[in-house]
2 protein chains.
Amino acid sequence: MTKPVTSAELDQRSKLHEVFALPQGRALDICFKLQTAILEHKLTPGLKLSEDEVGEIYGASRTVVRASLQALAHSGLVAMEKNRGAFVAKPSIREAHEVFQARALIEPAVARLAADVITDRQLAQLHAHLDAEHAALHSGDMGKALFLSGNFHTEIADIADHRVFAGMIRSLISRSSLIIALYWKRSDTACESHSHHALMNAFEKHDGAAAEKIQKSHIVDLHSGLDLKEKPAGGTSLNEALRG
Amino acid sequence: MTKPVTSAELDQRSKLHEVFALPQGRALDICFKLQTAILEHKLTPGLKLSEDEVGEIYGASRTVVRASLQALAHSGLVAMEKNRGAFVAKPSIREAHEVFQARALIEPAVARLAADVITDRQLAQLHAHLDAEHAALHSGDMGKALFLSGNFHTEIADIADHRVFAGMIRSLISRSSLIIALYWKRSDTACESHSHHALMNAFEKHDGAAAEKIQKSHIVDLHSGLDLKEKPAGGTSLNEALRG
DNA sequence: CAATCTTGGATCGTATACAATTTTTACTCA
DNA sequence: TGAGTAAAAATTGTATACGATCCAAGATTG
């Protein structure tokens, strides 16, 4: 019951390559693995990503690790400090607000675009995605559930077939994942919310206006589900988080 | 009469550092110089940016040049092809449409934000900026005029004090510069248009709604000023373009 | 003569070595 | 004991060297 996930992951990977100007060759692998780990909350915000350590784990030289970290820095998942190294990004409260403001502007517009052009095949794929998300959630794998929940949004952007918006949304979703890791308030994982299903409904009817409206309120809802107060930092070890 | 430009340039530089996760140390210099050259249309789209050549020109090793090129690739100004190297990006017609659609969505919203919070000092700065643009235009320096015209938009984003939007807009403006280089139709440089002045008017009155409306029609106007047909490629030499 | 194959040069991808900077540790002295 | 300082360890920044890939020109063959 954990298998339907794989195809979604591979999908995500190829799309990443398409949208961002990502590093080439081996660096892309590392980039993707680190990103997945961060998005599944295996790596907590603020964690140091030592070049030597990452390189040793993935069997690569510092040169290529450096390229990966730089790429992730550009997408907002990693913060680099001069002469101090790379860390999993720890979005500030201010950035949290800004990210969700941006999402509230862009994603509804993109949902509208998607509703107009979505095909039956894509509808089925989205349904499958929701099933996988549901399964992950009920199997207790919070990390993967959140990862998939984010992917749902990027898939909509891909359906809208607008690469510029898709790239923006991808970056925003990534950062949202970190923000949720830091500031999520409600114990009920609201991403299981009915918003995604309501959206599916609008898509099936090709009702762009409805999709836009639903998406907007969904994001406003997510935003208001955050508890934007200062939190103390966590400091796990990298090896212990990734080696598994 | 060419002096007022300098402060704007330095300003731009520090802001870049703030918004993007840019490389550190010497790489940032090269990044900035290349970006400026591209934005002033000294480097035409499609031009090859050989690592050795760039490194020799700026007196840096390939390592740091590589980092710079990667950074520029992430902001959309440079395209990297595996095992072939880096080129000044040559946005497709499709990307051109997408970029201006994105601008038409985001920039009006940001203009509204800016109108609400703009200070007298910032108003004066924008006025000075328009003067500099005007001067560059009438001194025949098209490249610099276009560069400054773009900066006008990013300055508004900075005034709105919204880093996420500012980052997006910066990237969009950069790509717009390339798009204009490739597809501009009108011989009258419409960036001298009255839109910028009209916008200033709305800012002075802190009329957000008006600012939003003006900005939107300004960008739609720019979009329609493009001639989106296939164009042949140009191939200048890098040395001859930068050594001056 | 045209098409294909081979070969040489140029350029990129990656690893490694060294220099510069930061962080930690150990030590002295009040 | 605690603060200040200095030396040592660890980590990043940068340069260079080597192997891999691509491109173009010239040779070869049908």
Side-chain angles (χ1 to χ4, degrees), chain A residues 16-17 20-34 43 46-74 77-90 233 235-242, chain B residues 16-17 20-34 43 46-74 77-90 233 235-242:
Chain A
L16 270 177
H17 182 59
F20 288 106
L22 280 179
Q24 309 133 337
R26 204 132 75 264
L28 191 104
D29 272 359
I30 297 178
C31 205
F32 177 65
K33 282 174 184 160
L34 278 178
L43 271 39
L47 178 66
K48 171 104 200 264
L49 297 171
S50 155
E51 295 179 358
D52 276 327
E53 213 168 346
V54 174
E56 212 238 312
I57 289 175
Y58 294 122
S61 153
R62 273 183 56 219
T63 308
V64 47
V65 172
R66 225 156 184 336
S68 303
L69 291 175
Q70 237 188 277
L72 289 174
H74 282 291
L77 278 181
V78 157
M80 300 188 74
E81 293 176 37
K82 170 154 178 159
N83 282 321
R84 291 192 18 91
F87 306 80
V88 177
K90 217 163 80 175
T236 331
S237 143
L238 177 58
N239 269 290
E240 123 193 7
L242 281 185
Chain B
L16 271 178
H17 182 59
F20 289 106
L22 280 178
Q24 308 135 339
R26 203 133 75 263
L28 191 105
D29 273 358
I30 297 178
C31 205
F32 177 65
K33 281 173 184 159
L34 278 177
L43 270 40
L47 177 66
K48 173 99 199 272
L49 297 171
S50 154
E51 296 179 356
D52 277 329
E53 213 169 347
V54 175
E56 213 237 312
I57 289 175
Y58 294 123
S61 152
R62 272 183 57 218
T63 308
V64 46
V65 171
R66 216 155 198 321
S68 304
L69 292 175
Q70 242 188 268
L72 289 174
H74 282 291
L77 279 181
V78 159
M80 300 189 75
E81 293 176 36
K82 170 152 179 162
N83 281 321
R84 293 197 10 94
F87 305 80
V88 177
K90 217 162 80 174
T236 331
S237 143
L238 178 57
N239 269 290
E240 122 195 6
L242 281 184

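Letters A, B, ... mirror the listed sequences (proteins, then strands); counts begin at 1.
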Proximal nucleotide (of C:dC12, D:dG13, D:dT12) relative to the A:Arg66 side chain:
D:dG13
Which nucleotide, C:dT11, D:dT14, C:dT16, lies nearest any side-chain atom of B:Lys48?
C:dT11
For the residue pair A:Leu43 and A:Leu49, establish whether any side-chain heavy-atom pair is separated by less than 4.5 Å.
yes
Between D:dT14 (P) and A:Gln70 (CD): distance, integer Å
11 Å
Shortest non-hydrogen contact from A:Lys48 toward A:Gly85:
CE-CA, 4.2 Å
Between P on D:dG13 and CG on B:Leu28, what's the gap in Å once rounded to a whole number?
13 Å
A:Asp52 CG to A:Ile57 CD1 distance, which is reported to the nearest 0.5 Å:
11.0 Å
Give the minimum heavy-atom separation between B:Ala71 and A:Gln70, together with the two atoms involved.
N-NE2, 4.3 Å
In whole angstrom, what separates B:Leu69's CG from C:dT11's P?
14 Å
Atom-pair distance (CE on A:Met80; P on D:dT11), nearest Å
15 Å
Assign each of B:Gly85 and A:Arg26 to its nearest nucleotide of DNA chain C by heavy atoms, then name whichever residue's nucleotide is nearer the 5' end.
B:Gly85
How long is the span from the CG atom in A:Leu28 to the CZ atom in A:Arg26, to the nearest 0.5 Å?
12.0 Å
Would you kindly give the CD-to-C1' distance between A:Glu81 and C:dT21, to the nearest whole Å?
14 Å
Could you state the OH-P distance from B:Tyr58 to D:dA15, rounded to the nearest angstrom?
16 Å
If I take atom CG in residue B:Asp29 and atom P in nucleotide D:dG13, what distance separates them, rounded to the nearest angstrom?
15 Å
Identify each atom pair where a protein N or O and an N or O of nucleotides 17-22 of chain D are less than 3.5 Å apart, giving names and distance.
unit_1	atom_1	unit_2	atom_2	d
D:dT21	O3'	B:Asn83	ND2	3.4

Please confirm whether the shortest side-chain N or O distance from B:Thr63 to OP1 or OP2 of D:dT14 is below 4.0 Å.
no
Listing, residues 59-69 of chain A side-chain donor-acceptor contacts under 3.5 Å, not counting sequence neighbours, or none:
unit_1	atom_1	unit_2	atom_2	d
A:Ser61	OG	A:Thr63	N	3.1
A:Ser61	OG	A:Thr63	OG1	3.4
A:Arg62	NE	A:Glu51	OE1	2.9
A:Arg62	NH2	A:Glu51	OE1	3.1
A:Ser68	OG	A:Ala27	O	2.9
A:Ser68	OG	A:Val64	O	3.1

Integer-rounded Å distance: C:dA15 P and A:Glu56 CD:
14 Å
